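In this text, all values refer to a predicted model and were calculated from it rather than measured experimentally.
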Amino acid sequence: YAAAAAVLRPSGRLVICDDFLCDNSADQVLKQAFQRGWLAAGLVTAEQAIHHAQAAGLHLIEQHDLTPDLHLLHWPDVFVRALLHVGLHLPLEWTLMQNFVGGLALQHGLMQGVFAYRWMVFERGEG
């Protein structure tokens, strides 16, 4: 956020549309599989992202939860958990499989309320 704020003009805007961790999520398997499969080491909640942006001089002016608008795959939980268990033990070099496992964890996590797909617009303050 600091890097974006540094190149934005006053009143310039930064738009973020991404997946965020939900506050109430306790599902470590889904979080770990998503982070590992998609190399998403910096997974944060929307509230944490807003805090980091504000610390960089960016102010939230708009946000929407787009999760309800997604067309997600509805696979049985037991099937997803079995695939994730196997996927978490695959070598990281198996990039395509890791991506599949991460995407599966993301989709299931979006349905379970572990993740949320959010749209946020930040504006740089004057000076």
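Other cluster members for L58: Y1, L8, L14, I16, F20, V44, I50, L60, M120, F122, joined by side-chain heavy-atom distances under 4.5 Å among Ile, Leu, Val, Met, Phe, Trp and Tyr. Other members of a hydrophobic cluster containing V86 are absent, since no ILVMFWY side chain comes under 4.5 Å of it, directly or through relayed contacts.
Take Q63 and apply the side chain to side chain donor-acceptor pair (under 3.5 Å) test, not counting sequence neighbours, and it matches R118. Here L73 pairs with W75, Q107 under the side-chain contact (heavy atoms from CB on, under 4.5 Å) rule; sequence neighbours left out. Considering only residues two or more places apart in sequence or on other chains, V7 meets the side-chain contact (heavy atoms from CB on, under 4.5 Å) condition with none of them. With sequence neighbours excluded, the residues forming a salt bridge (charged side-chain N to carboxylate O under 4.0 Å, His left out) with D77 are R81, listed by chain and number.
Judged as a salt bridge (charged side-chain N to carboxylate O under 4.0 Å, His left out), not a single pair has a partner in residues 61-70 (not counting sequence neighbours). Sorted by first and then second residue, the side chain to side chain donor-acceptor pair (under 3.5 Å) pairs with a member in residues 49-59 form an empty list; sequence neighbours excluded. Residue pairs meeting the salt bridge (charged side-chain N to carboxylate O under 4.0 Å, His left out) criterion with at least one partner in residues 6-21, sequence neighbours excluded, are R13-E123.
Linking ILVMFWY side-chain heavy atoms closer than 4.5 Å, directly or via other members, places F34 and L70 in a single hydrophobic cluster.
Q48 places a side-chain N or O within 3.5 Å of a backbone atom of T45 that can act as its donor or acceptor partner. A donor-acceptor pair is defined here as one N or O able to donate and one able to accept, closer than 3.5 Å; such a pair exists between the side chain of T67 and the backbone of Y117.
Here the shortest heavy-atom pairing between E126 and S11 reads OE2-OG, 2.8 Å. Considering all non-hydrogen atoms of both residues, G102 and W38 come closest at C-NE1, 3.5 Å. Taking all atoms of both residues into account, the shortest heavy-atom contact from L30 to G109 is CD1-CA, 3.8 Å. Here the closest non-hydrogen pair linking L66 and C17 is CD1-SG, 3.9 Å.
Here CG of L84 is found 11.5 Å from CZ of R36. Values are rounded to the nearest 0.5 Å. A distance of 10.0 Å separates SG of C22 from NZ of K31, quoted to the nearest 0.5 Å.
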Subject >> Residues L83, V101; criterion side chain to side chain contact (heavy atoms under 4.5 Å, CB included); working and verdict >> reply: CA-CA 7 Å; L83 287 175; V101 169; over 6 Å; no
Original post:
So Q32 and Q35, side chain to side chain contact (heavy atoms under 4.5 Å, CB included) or not? Walk me through it.
Top reply: CA-CA 5 Å; Q32 182 184 7; Q35 285 185 293; 5.5 Å; no
